[in-house]
Each structure stands twice: as C-alpha cells, then as structure tokens.
Amino acid sequence: MKKIVLAVLLMANLFAAEIAWNDTYEQAQAKAKKESKPLLVLITSEQCRWCRKFEATTLQDEDVVSKLNSKFVAVHVTRDKSVYPKNLTAKMVPMNYFLDNNGKVIYSMPGYWPVEDYQSILDDALVKYKK
C-alpha cells in the first residue's frame with residue numbers, strides 16, 4: 001500500500017511541474033532585475049503548429065521546467081497581441097529571446113527545439129548572461 005501511495009505522489013509531482021510564467025513583460029523584467037536572473041521572452045503565435053509542439057513537448061520536460069524556474073525569469077507572449085519591446089521581433093515562431101537585467105538581448109534562438117537541444121540553448125544563454 002505504501003508503494004502505491006508513493007508512486008501516486010511521485011506521478012502527481014511529475015504532472016504538476018510547470019513553468020512559472022509571468023503575466024506581463026514588465027512584470028518579468030522587474031522580477032529578473034530584482035533576482036539578478038536572465039529574462040526569457042518566448043514569442044509564439046496562435047496559428048503556429050511548431051509553437052504548440054514546443055509547448056507540448058520540450059516545455060513540459062521536467063528538467064527544462066526546473067532549469068527555467070530556477071535559473072531564468074520567463075514570460076510567454078503572443079506575437080501581434082501581447083505588449084513587449086518592439087526590438088524583439090519574431091518573423092519566425094517560436095522565438096526565444098534571452099535578455100540581461102537592462103533589457104538588452106544577449107542571445108536569441110528561433111524555432112522548435114527538442115529537449116536535449118533546448119537544454120544546450122539554455123546553458124548557452126546562461127554563459128552569455130554571466131559574461
């Protein structure tokens with residue numbers, strides 16, 4: 001019985017892991033500055049199948065979620081609908097922008113990425129942030 005309860009609790013934790021998205025760009029920028037973390041701005045569009053795939057696969061991975069929540073401040077915006085700086089253009093979506101505490105782009109990467117590749121992108125962004 002204890003094994004069943006433990007298994008259920010572990011599974012609940014796996015399914016409960018989600019990215020702590022901020023509601024607005026301004027809120028995320030203020031939090032990133034306060035916590036001295038890089039800011040991730042993920043730009044998607046409503047009609048993008050690669051955006052949905054990225055959200056349903058890579059951004060659901062436990063390790064990706066953990067790294068994003070612990071090392072970054074994240075905000076998810078919708079192209080042509082959300083308010084965010086005009087210099088963050090997204091001709092292709094999904095588009096990942098990594099910004100420093102002053103709002104300067106330190107790294108960007110367009111497109112869908114599988115988990116292993118996205119982990120590497122996150123690591124690259126952290127290295128560039130620390131320079």
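Both backbone and side-chain heavy atoms feed into the values below; hydrogens, waters and symmetry mates do not. Being a predicted model, the structure only gives us computed values, none of them experimental.
Pairing each heavy atom of Ile121 with each of Phe98, the nearest pair is CG2-CE1, 3.9 Å. The two residues Asn101 and Ala32 come nearest to each other via the heavy atoms ND2-O, 2.8 Å. The shortest heavy-atom contact between Tyr97 and Asn87 is OH-O, 4.3 Å. Heavy-atom minimum distance, Ser45 versus Val93: OG-CG2, 3.5 Å. Closest approach of Leu39 to Gln29, counting heavy atoms only: CD2-CA, 4.0 Å.
With rounding to the nearest 0.5 angstrom, the OH atom of Tyr112 is 11.5 Å from the CZ atom of Arg49. Note that OG of Ser36 and NZ of Lys31 are 13.5 Å apart. Values are rounded to the nearest 0.5 Å. Taken from CD1 in Ile43 to OG1 in Thr89, the straight-line distance is 7.5 Å, to the nearest 0.5 Å. Taking CD from Glu55 and CD1 from Ile19, the interatomic distance works out to 9.0 Å, rounded to the nearest 0.5 Å.
For the pair Leu59 and Leu68, the minimum side-chain heavy-atom distance is below 4.5 Å. In this structure the side chain of Val41 reaches within 4.5 angstrom of the side chain of Tyr25, judged on heavy atoms. Counting heavy atoms from C-beta on, the side chains of Leu42 and Met95 never come closer than 4.5 Å. Using a 4.5 Å cut-off on side-chain heavy atoms (C-beta onward), Pro94 and Cys48 make contact. Side chains of Thr57 and Pro114 form no contact here, defined as non-hydrogen atoms less than 4.5 Å apart.
Ring to ring, Trp113 and Tyr118 are not that close: their centroids are 6.0 angstrom or more apart.
Distance alone, capped at 3.5 Å, is enough to place a donor-acceptor pair between the Asp100 side chain and the Asn102 backbone. Judged by distance alone, the side chain of Asn96 and the main-chain N or O of Leu40 form no donor-acceptor pair under 3.5 Å. Counting only distance, with no hydrogens or angles, the side chain of Thr24 and the backbone of Gln27 share a donor-acceptor pair below 3.5 Å. The closest donor-acceptor contact from the side chain of Asn69 to the backbone of Glu18 lies under 3.5 Å. A distance-only check finds a donor-acceptor pair linking the side chain of Asn22 to the backbone of Ala74 [under 3.5 Å]. When atom types are taken as modelled, the side chain of Ser66 and the backbone of Glu62 share no donor-acceptor pair closer than 3.5 angstrom. In this structure a side-chain-to-backbone donor-acceptor pair under 3.5 Å is missing from Gln119 to Val115.
Leu99 and Met109 are assigned to two separate hydrophobic clusters, defined by single-linkage of ILVMFWY side chains at heavy-atom distances under 4.5 Å. No continuous path of hydrophobic side-chain contacts links Val65 to Val75 [ILVMFWY only; heavy atoms under 4.5 Å]. Following chains of ILVMFWY side-chain contacts shorter than 4.5 Å, one cannot reach Leu88 starting from Ile106, and the two form parts of different hydrophobic clusters. In the hydrophobic cluster analysis, where Ile, Leu, Val, Met, Phe, Trp and Tyr join through side-chain heavy atoms closer than 4.5 angstrom, Trp21 is grouped together with Leu122.
Figure legend: Lys37 and Phe72 shown without cation-pi pairing, the cationic atom not lying both under 6.0 angstrom from the six-membered ring centre and within 45 degrees of its axis.
In summary, Lys67 and Asp123 engage in a salt bridge, as defined by a charged side-chain N under 4.0 Å from a carboxylate O. Between Arg79 and Glu46 there is no salt bridge, since none of the side-chain N atoms of the basic residue sits less than 4.0 Å from a carboxylate O of the acidic one.
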